[in-house]
2 protein chains.
Amino acid sequence: MADEALSAGAVARRLGVAVTTLRTWHQRYGLGPSEHVPGHHRRYTPADLARLDIMRRLTAEGVAPAEAARWARQAPAVLPPGRLGLNRRATAVRDGGGTTIPVGRAGPVARGVARAAMRLDSVAIGAAVAHALGADGVVPTWDGLLRPVLAGIGERHAATGGLIEVEHLVSRCVSEAFATVARAHPVAGPARILLACADEEQHTLPLEALGAALAEAGVGYRMLGARVPVAALVEAINRTGPAAVVLWSHTRVTADPDQLTAVLAAPRRPLLVLAAGPGWRADTLPAGVVRPVNLAEAVSLAVAVRDSLDQSTAG
Amino acid sequence: MADEALSAGAVARRLGVAVTTLRTWHQRYGLGPSEHVPGHHRRYTPADLARLDIMRRLTAEGVAPAEAARWARQAPAVLPPGRLGLNRRATAVRDGGGTTIPVGRAGPVARGVARAAMRLDSVAIGAAVAHALGADGVVPTWDGLLRPVLAGIGERHAATGGLIEVEHLVSRCVSEAFATVARAHPVAGPARILLACADEEQHTLPLEALGAALAEAGVGYRMLGARVPVAALVEAINRTGPAAVVLWSHTRVTADPDQLTAVLAAPRRPLLVLAAGPGWRADTLPAGVVRPVNLAEAVSLAVAVRDSLDQSTAG
DNA sequence: GATTCGACGCAGCAATCGACGCAACTCGTA
DNA sequence: TACGAGTTGCGTCGATTGCTGCGTCGAATC
């Protein structure tokens, strides 16, 4: 029970900064004990300590102190990437065979989309996807409907070599649906999140899903699209100074960690760098890069960044 | 006191222009912070930001920067995002260069799109393109606006090697706009036209333009998308029995005439086979293949096929 | 008596300042 | 068709500004 309240000296020693700095942070950035009577000693609760720890970590990573403080002040400890378990088990429904796409137990809607895809019926695909997006939202639709269908097509394609036209057709329809969602949710503020594919990477759909989810959540973003060379990515970062950068890599060959290193070494280093997609290997990622396991996790991280204002130096 | 005043860098990042440009605008057009002591840092108030936003919006609409600045300077600081005057050039103002995309004499709207593209401002691009599509229709917009801009980007990309991210961004925006057009014109009848890229061909945009134009004309079509192998194309033809097939090839390497031969040899041979795109060479095309020189020609051919078909079945 | 408080000052460094120049685009003219 | 004039965005350079961490000092707190 000794963690009730820490004195300023104890906190300073624990964080590795001077006591005076702690006072400065309190005065300049409002980053102090939540309950403090002027003139009396500061007593830091564990929550205050967590805030200060975020501040310390961000400044250690090169984020400008004022910005780091803003981030730390309004962060309800979002940095630990918690597991958002959502393995929803569906009831085992048997469905007929024929020339279809394996969708596993993704439900009847997925099966319907798969059949429409085999018919090359883009109207039906678009209608079904749009309806699902409107009814369930982007993230559930992606996880529960689109990813299973696309995975099924991919599986089939890998096994038989055919079905390429089906894959393209579904991709286009899904892409259109995402674009419609994004257009239906215009975002007022400036775009603080940059979405880009890794170099040579041409799978844009997951990034578009993320974009649609962000638009749904009211977060502005900039989408660079497929095959972004490192130089172009760094230039875009310098030009627009995003708070977060999401780099998507679908396969291992496009997941060159040097791209992430280049992003981290940019003059205007983003607050948050996300390495998304199955291509990245966790053990080769440079320090300071977060690897979301989920669309949902990527969205929540990006939403958390939204509230951080820019103004790198002006206080 | 946090968001009262923005630094120059923060404003530049928010607008998507370089910091030096901001200073230039201040010096040349008097478009700077209302209270600024020479030698001291510039602090932009929300009102100043609103002025700059007017400047940004006007330039994105194609207004010459000097004129846009004049407009923004004497704006009552509170101009909601209403539609301002359209692309009418009042006085003969010379329009300069800078780091832009050459659009030739394609008009102020093209220049506005080019400027917005350089700023990676997808919202402005999408709005301008959507407005042009709605006002002028697909074919004129493609020939008069989109193709010049895209050609300018391509030229510049070929010359300098950069600008890839701009190219992707514009492509995506245009693609979304086409999709929106297609969705706004639902076609009742069956899809009799099949649109496909040649094998290994990945430029989809011209095909999407054709699709949007067909939708606008009330002609149903099926879009297969990029990189369609010959086998997949033939199978799709057999499965759906289209009256016309459009095969797009952008570069010469993807324009293998054997693909056209295979289409002509399909069990359900289409009434009309179009070899579209600059990749095809007229002297190597098999007999029975038509080569449209234009988007307009492709559209009119497709419309003709539809009409003749309707006559034969319904008459 | 040890520690912390608020206030103040100082040195290092990143961002910005003003000035200047360059390259590129458009347009009028020869 | 070629070329010069007018515009425009932005990179560069040396100087300046202002943010940042921390030390110091007299008074107050524990």
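Small disclaimer: the values here were computed from a predicted structure and weren't measured. By convention in this document, chain letters (A, B, ...) are assigned in the order of the sequence lines, proteins followed by strands, and residues within each chain are numbered from 1.
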So, under a plain 3.5 Å distance rule, would you say the side chain of [X] forms a donor-acceptor pair with the base of [N]?
X	N	value
B/T21	D/dC10	no
A/R28	D/dG21	yes
B/R119	D/dG9	no

Contact under 4.0 Å: [X] side-chain N or O vs [N] OP1/OP2:
X	N	result
A/Y29	D/dC19	no
B/R115	D/dG9	yes
B/R42	C/dG18	yes

Exercise. If you pin A/V19 and B/H41 to their nearest nucleotides in DNA chain D, which one's is more 5'?
Worked result: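 The answer here is B/H41.
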For this session: Let me know, please, whether A/R43 or A/G16 comes out on the 5' side of the other along DNA chain D by nearest nucleotide.
Result: A/G16
For [X] and [N], what is the distance between atoms [atom1] and [atom2] respectively, to the nearest whole Å?
X	N	atom1	atom2	value
B/H36	D/dT16	NE2	C1'	12 Å
A/E235	D/dG11	CD	C1'	12 Å
B/Y44	C/dC17	OH	P	7 Å
B/R56	D/dG9	CZ	P	14 Å
B/H157	C/dA24	NE2	P	17 Å
A/L22	D/dG21	CG	P	11 Å
A/R70	D/dC19	CZ	P	12 Å
B/E67	D/dT8	CD	C1'	15 Å

For this session: Using a cut-off of 6.0 Å, state whether more than 12 heavy atoms not belonging to A/E35 lie near its atom CD.
Result: no
Seminar exercise, completed: Of C/dG18, C/dC5, D/dT8, the nucleotide closest to the side chain of A/R23 is C/dC5
Problem set entry | Distance-minimising heavy-atom pair for A/L224 and A/A196 |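 Taking every non-hydrogen atom into account, CB-CB, 4.0 Å.
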Exercise. Of the non-hydrogen atoms in B/L169 and B/S122, which two are nearest, and what is the gap between them?
Worked result: CD1-CB, 4.0 Å
For this session: Would you mind telling me which residue lines up with the more 5' stretch of DNA chain C, B/T20 or A/H40, judged by nearest nucleotide?
Result: A/H40
Problem set entry | Distance flag, aromatic centroids of A/H41 and A/H36, threshold under 6.0 Å |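 Aromatic pair excluded; centres sit 6.0 Å or further apart.
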Problem set entry | Aromatic plane relationship, B/H250 with B/H203 - under 30° parallel, 30 to 60° tilted, over 60° perpendicular | parallel
For this session: Mind checking B/H26 for me? I need base, sugar-phosphate or nothing, with any heavy atom below 4.0 Å counting as a touch.
Result: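 Result for B/H26 = nothing.
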